[in-house]
Amino acid sequence: MAFLDVQHVTKRFGGLTAVADVSFQMEQGEIVGLIGPNGAGKTTLFNLIAGTFPFDEGRIVFDGEPLNGLKPYHVCRRGIARTFQITRPFLEMTCYENVVVGFIGRDGFTGETPERRRRAEEILKLVGLDEFLHTQARHLNLINKKKLEIARALATRPKLILLDEVLGGLNTGEMVQALDLIRAIRDRFGVTVLWIEHVMGALMQVVERLLVLDGGRLICQGDPQTVVRDPRVIEAYLGEADD
Ligand SMILES: Nc1ncnc2c1ncn2[C@@H]1O[C@H](COP(=O)(O)OP(=O)(O)OP(=O)(O)O)[C@@H](O)[C@H]1O
Ligand SMILES: [Mg+2]
């Protein structure tokens with residue numbers, strides 16, 4: 001049985017079908033890229049997996065259990081974490097406190113323990129924010145806000161992490177750091193990764209498989225080199241450039 005099994009999922013917003021009969025599977029430990037032009041339905045698909053919106057048709061099974069109808073905090077406790085396209089740290093809280101919020105999301109509020117403190121420090125070190133442990137999130141620059149977003153997601157001890165455009169706005173050096181971090185999430189924490197990204201050159205260095213959405217439909221999937229040469233994929237992107 002697949003680790004994540006998305007079966008014929010459809011989501012409509014009024015007359016607009018944002019996600020149309022999408023089916024795909026992921027195995028545990030994979031890093032899969034999700035691409036497609038603006039408005040293709042990528043973030044909506046994340047919202048459906050994460051329980052932010054209910055969907056109209058289909059079924060999503062994660063780690064052997066259906067997710068249909070679960071609220072976001074229940075999906076989180078099943079082991080799925082996400083980051084947001086626009087980062088949303090708690091700006092008045094320190095990095096450490098932001099990570100603790102992730103613990104609470106997963107386990108409920110059980111107070112600070114030496115074990116939690118050690119885990120928070122370990123996560124912040126992994127993402128490279130150890131020197132900002134007690135810095136308020138509002139003082140962080142963009143790359144560090146993105147790292148904190150990933151730290152907060154990791155704090156919920158996910159088995160699957162959904163990354164929504166973590167590279168946008170980063171310079172080349174920062175991108176290299178971010179790619180190392182995404183590899184480390186899988187290699188060190190064993191977390192399966194589904195990753196939306198527009199920065200194709202970088203994405204291609206890390207992902208093992210690509211899924212392509214266009215107009216809500218999954219138009220192509222497979223190994224990255226084959227997918228980017230697929231005529232349907234080229235047309236989806238060129239069609240956008242012509243608009
Ligand atoms: N809450 C909502 N209510 C109504 N329409 C929505 C909502 N969320 C998304 N949409 C619409 O659904 C379609 C898919 O949007 P979505 O944000 O999933 O695209 P995307 O692939 O993530 O695009 P981008 O690459 O620009 O982030 C768009 O037409 C969008 O306007
Ligand atoms: Mg999006």
Side-chain angles (χ1 to χ4, degrees), residues 4 6-24 26 31-60 62 67-73 75 80-89 142-143 145-150 152-153 158 160-170 175 178-179 182 193-204 206-207 209-222 224 227-228 230 232-243:
L4 177 70
V6 174
Q7 303 168 3
H8 301 288
V9 167
T10 294
K11 173 66 184 176
R12 298 184 195 93
F13 293 112
L16 173 84
T17 306
V19 171
D21 193 24
V22 166
S23 299
F24 68 91
M26 282 183 72
I31 304 185
V32 174
L34 176 58
I35 63 168
N38 292 115
K42 304 180 296 295
T43 299
T44 303
L45 183 58
F46 271 18
N47 283 329
L48 303 183
I49 297 170
T52 311
F53 305 134
F55 38 93
D56 298 298
E57 285 160 38
R59 199 169 125 89
I60 301 179
F62 174 65
L67 295 181
N68 291 46
L70 294 188
K71 298 280 179 221
Y73 53 89
V75 175
I80 299 182
R82 69 174 309 178
T83 67
F84 290 91
Q85 195 165 346
I86 299 164
T87 59
R88 298 181 179 179
L142 180 66
I143 170 99
K145 281 203 178 94
K146 294 202 171 199
K147 288 177 177 173
L148 183 58
E149 187 81 357
I150 292 175
R152 209 154 54 96
L160 169 67
I161 190 166
L162 308 174
L163 302 174
D164 198 347
E165 292 197 35
V166 286
L167 301 183
L170 303 187
M175 259 186 221
L179 296 186
I182 291 162
V193 178
L194 181 58
W195 175 16
I196 297 173
E197 193 54 72
H198 282 294
V199 186
M200 284 298 294
L203 185 72
M204 297 282 285
V206 179
V207 298
R209 207 149 60 81
L210 275 181
L211 306 171
V212 189
L213 278 181
D214 184 31
R217 297 201 168 269
L218 188 69
I219 58 164
C220 189
Q221 61 175 310
V227 164
V228 294
D230 190 290
R232 291 165 298 181
V233 177
I234 293 167
E235 199 200 317
Y237 277 91
L238 291 181
E240 188 193 36
D242 285 343
D243 285 348

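Numbering of ligands and ligand atoms starts at 1, following listing order.
Not a single heavy atom of G36 lies less than 4.0 angstrom from ligand 1.
Applying the side chain to side chain donor-acceptor pair (under 3.5 Å) test between D21 and each of Q7, H8, R217 identifies H8 as the sole match.
In plain terms, the two heavy atoms of T43 and Q85 that are nearest each other are OG1-OE1, 3.0 Å. Across all non-hydrogen atoms, the minimal contact from D230 to C220 is OD2-SG, 3.6 Å. Minimum heavy-atom separation, A153 to P158: O-CD, 3.4 Å. Annotation for K11 and F55: closest pair CD-CA, 4.2 Å, computed over non-hydrogen atoms. Across every non-hydrogen atom of L163 and T83, the tightest pair is CA-OG1, 3.4 Å. Among all heavy-atom pairs drawn from M26 and V32, the shortest one is CE-CG2, 3.7 Å.
Of all atoms in ligand 1, numbered sequentially from 1 with element shown, those under 4.0 Å from a heavy atom of T44 are 9 (C), 14 (C), 15 (O), 16 (P), 18 (O). Those atoms of ligand 1 with a heavy atom of Q85 less than 4.0 angstrom away are 27 (O).
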> Is there a salt bridge (Lys or Arg N to Asp or Glu O under 4.0 Å) between K146 and E149 once you walk through the steps?
Replying inline: CA-CA 5 Å; K146 294 202 171 199; E149 187 81 357; over 6 Å; no

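Between the Mg ion (ligand 2) and Q85 there is an N/O/S contact shorter than 2.8 Å. Coordination check, T43 versus the Mg ion (ligand 2): passed, since an N/O/S atom of the residue sits under 2.8 Å.
When distances from atom 31 (O) of ligand 1 to the protein are checked, no heavy atom turns up under 4.0 Å.
Between G41 and ligand 1, a contact under 3.5 Å exists for at least one N or O pair.
Checking F53, F46, F13 against atom 9 (C) of ligand 1, the nearest heavy atom belongs to F13. Evaluated by nearest non-hydrogen atom to atom 20 (P) of ligand 1, the leading choice among K42, E197, E165 is K42.
Looking from atom 14 (C) of ligand 1 to the surrounding protein, the closest heavy atom is G39 O, 3.4 Å. Taking atom 17 (O) of ligand 1 as the reference point, the nearest protein heavy-atom neighbour is T43 CB, 3.8 Å. The protein atom (non-hydrogen) at minimum distance from atom 24 (P) of ligand 1 is N38 ND2, 3.6 Å.
Salt bridge R232/E235: absent, no basic N to carboxylate O contact under 4.0 Å.
Only the side chain of L16 comes within contact range of ligand 1, with a heavy atom under 4.0 Å; no backbone atom does.
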